Every structure is written in C-alpha cells, then in structure tokens.
Amino acid sequence: CEICKFSLDIDAKSLLCENCFEKIKFNKLPFCKKCGKSISGEKEFRDFCRDCRANSGFYFDRVYSACIYEGTIKQALHIFKYNGSVQLGKTLAGILLKFYLENLSEKRFDFLVPIPLYPAKEREREFNQALILSESISKSCSTPIAKNALIKIKRTPSQTTLSKEKRLLSQKGAFKVKKPIFADKKLLIIDDIFTTGSTMNEAAFVLKNAGASEVCGLTLMRGIPEK
C-alpha cells in the first residue's frame, strides 16, 4: 500500500489497502447543482449551496467532485503528483470512474477535456495527472479525450499558496484553445481538485468562447477554500 506500506497481493489492482481505502471521505449527496459542494449539512435543502445562491460567477454549467481533500486521499494525491507514482494515479482514476458511473452515467459528453499543465511543468513532472484521471472514464464510456486541444499558455504559481482572490487573478488568460473542435459540443473538464474553482472556471470560460454548448467539470477531490 502506497500509504501505510501494508503488503498487498502481487496481483492487487489497487495500490491502496482496504484499511486506507475505508478512510477516504467521499463527497455526500445532495450536491450543489453548480459547484458540486455537498449541501447535506445545510438545514434548509435547496438546489444550490449558500455561496452559489449568493453569486457564483462561474462559467461552467456544473461541477462534480468525488472525495473530500483530506486524510488518505490527500496523501495519495501528493504521492501520485510529486513522487511520480503513476500506478497510484490509476488507482485514483478508478475511484473517479466509480463516482462517474454512479452520478453521471446518464449524461453524454462529446469530449473529455483534461486540464492541461504548463509545458515546462509537464516536462518536469513527466505526466499530466488530469490526463491519467481521464483515461479510465474515456475507456469505459467510449468518450474521446481532447488531447492538446486546450493548452496552458501562462505559467501560474502553485494555487495552494494563494488566497481565493489571488487564485482567480492568477488564472486569467492561462488557457487557449489550440484545435477548433469544440463548437456546439458538450464537454466534461477533468481535474484533480476543485477548491475555489478558479482553474475550472477559466478553462470553462475559454471553452464556452470557443463555441461549446455545455461545459461541466469532474474532479477527484473537493477542497475547502480558506475564507
């Protein structure tokens, strides 16, 4: 196991043991129909969370997130991204696929659009985590991945160090459509984490301007933004 180092069977398909997997905190229904945040704890049920009812300012149509960014899953994502454990990434992709099949199986998308990395960052990491997360869904649902159709043209600082306002500003002008294939298409953006929504929102803005008729998002995790 990549987290606790418990010995797994040699033919194990998951790099998380059962004990670590059971510690993952999943996003609970019902979800906000805009940003995907669980609204199960709100006293008065409505379709949207308090923030989105006030003023979301989001260009995407809707976002879904599978897990909460804490504990085991947070540690697993860090090992995947920064220790280069692509096999663990495939385990996480399986978690995302299960969530997709349970919550989005009736929706139809023309393309999956993984959030791109800035080229120098992707060369340094040697993979794009969003692309790896997309591959299981693409294979299972026969939805093509729009590889290199959306590119990142601006190097942005690590979002973990920025306030909500600075995150929004840092992503302005970060993306560009390279291939004119999105007109009148329904798109599903894939990323690892949604916190303030700044990355997802800027990508959706660019894709809508390229003619997309619908832009939804799907992330492995939902972070809790600092106030």
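Just so it is clear, the structure is predicted and the values come from calculations on it, not from any experiment.
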>> I'd like to check the ring pair (Phe, Tyr, Trp, His ring centres under 6.0 Å) partners of Phe127; sequence neighbours left out, ordered by chain and number.
In response: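 Partners of Phe127 under the ring pair (Phe, Tyr, Trp, His ring centres under 6.0 Å) test: Phe80.
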> For Phe48, which residues count as a ring pair (Phe, Tyr, Trp, His ring centres under 6.0 Å) partner, sequence neighbours excluded?
Replying inline: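 Once residues adjacent in sequence are excluded, Phe48 has no partner under the ring pair (Phe, Tyr, Trp, His ring centres under 6.0 Å) criterion.
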>> Do Leu88 and Leu16 have side chains that approach each other closer than 4.5 Å (heavy atoms only, starting at C-beta)?
In response: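 The answer is yes; the side chains approach within 4.5 Å.
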> Counting only N and O atoms by type, is there a donor-acceptor contact under 3.5 Å from the side chain of Thr143 to the main-chain atoms of Leu112?
Replying inline: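 No.
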In terms of hydrophobic clusters joined by side-chain contacts under 4.5 Å, are [X] and [Y] together?
{"X": "Phe205", "Y": "Phe58", "result": "yes"}
{"X": "Phe26", "Y": "Leu104", "result": "yes"}
{"X": "Tyr118", "Y": "Met200", "result": "no"}
{"X": "Ile153", "Y": "Val206", "result": "no"}

[atom1]-[atom2] distance between [X] and [Y], expressed to the nearest 0.5 angstrom:
{"X": "Lys152", "Y": "Asn128", "atom1": "NZ", "atom2": "CG", "answer": "10.0 Å"}
{"X": "Gln75", "Y": "Glu2", "atom1": "CD", "atom2": "CD", "answer": "10.0 Å"}
{"X": "Phe99", "Y": "Leu220", "atom1": "CZ", "atom2": "CG", "answer": "10.0 Å"}

>> Applying salt bridge (Lys or Arg N to Asp or Glu O under 4.0 Å) to Lys154 and Glu202, what does each step give before you reach the verdict?
In response: CA-CA 12 Å; Lys154 175 183 172 184; Glu202 183 64 17; over 6 Å; no
>> Per the side-chain hydrogen bond (donor to acceptor under 3.5 Å, both in side chains) rule, what does the pair list look like for residues 13-23, sequence neighbours excluded?
In response: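 Found none.
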>> Over 60° means perpendicular and under 30° means parallel, so tell me whether Phe111 and Phe182 are parallel, tilted or perpendicular.
In response: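 Plane angle over 60°, so perpendicular.
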>> Below 30° counts as parallel, above 60° as perpendicular, anything between as tilted: where do the rings of Tyr82 and His78 land?
In response: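 Plane angle between 30° and 60°, so tilted.
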> When you look at Leu131 and Leu117, which way does the side-chain contact (heavy atoms from CB on, under 4.5 Å) test go after all the steps?
Replying inline: CA-CA 10 Å; Leu131 176 59; Leu117 294 176; over 6 Å; no
> Does the side-chain contact (heavy atoms from CB on, under 4.5 Å) test come out yes or no for Cys35 and Arg222, once each step is laid out?
Replying inline: CA-CA 10 Å; Cys35 75; Arg222 170 77 193 215; 3.4 Å; yes
> Quick check: are there more than 12 heavy atoms from other residues, nucleotides or ligands sitting under 6.0 Å from NZ of Lys25?
Replying inline: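 No, the 6.0 Å shell around NZ holds no more than 12 heavy atoms from other groups.
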> Counting only heavy atoms not in Lys186, do more than 12 fall under 6.0 Å of its NZ?
Replying inline: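 Not more than 12 within 6.0 Å, no.
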> Only one of Ile145, Ile190, Val215, Leu150 clears side-chain contact (heavy atoms from CB on, under 4.5 Å) with Val113; which?
Replying inline: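 Considering Ile145, Ile190, Val215, Leu150, a side-chain contact (heavy atoms from CB on, under 4.5 Å) with Val113 is found only for Leu150.
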>> Using the side-chain contact (heavy atoms from CB on, under 4.5 Å) definition, which of the options Ile137, Val63, Ile189, Asn103 pairs with Leu218?
In response: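 Per the side-chain contact (heavy atoms from CB on, under 4.5 Å) rule, the option paired with Leu218 is Ile137, out of Ile137, Val63, Ile189, Asn103.
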>> Using salt bridge (Lys or Arg N to Asp or Glu O under 4.0 Å), reason through Glu135 and Lys139 one step at a time and then give a plain yes or no.
In response: CA-CA 6 Å; Glu135 288 172 342; Lys139 184 176 180 180; over 6 Å; no
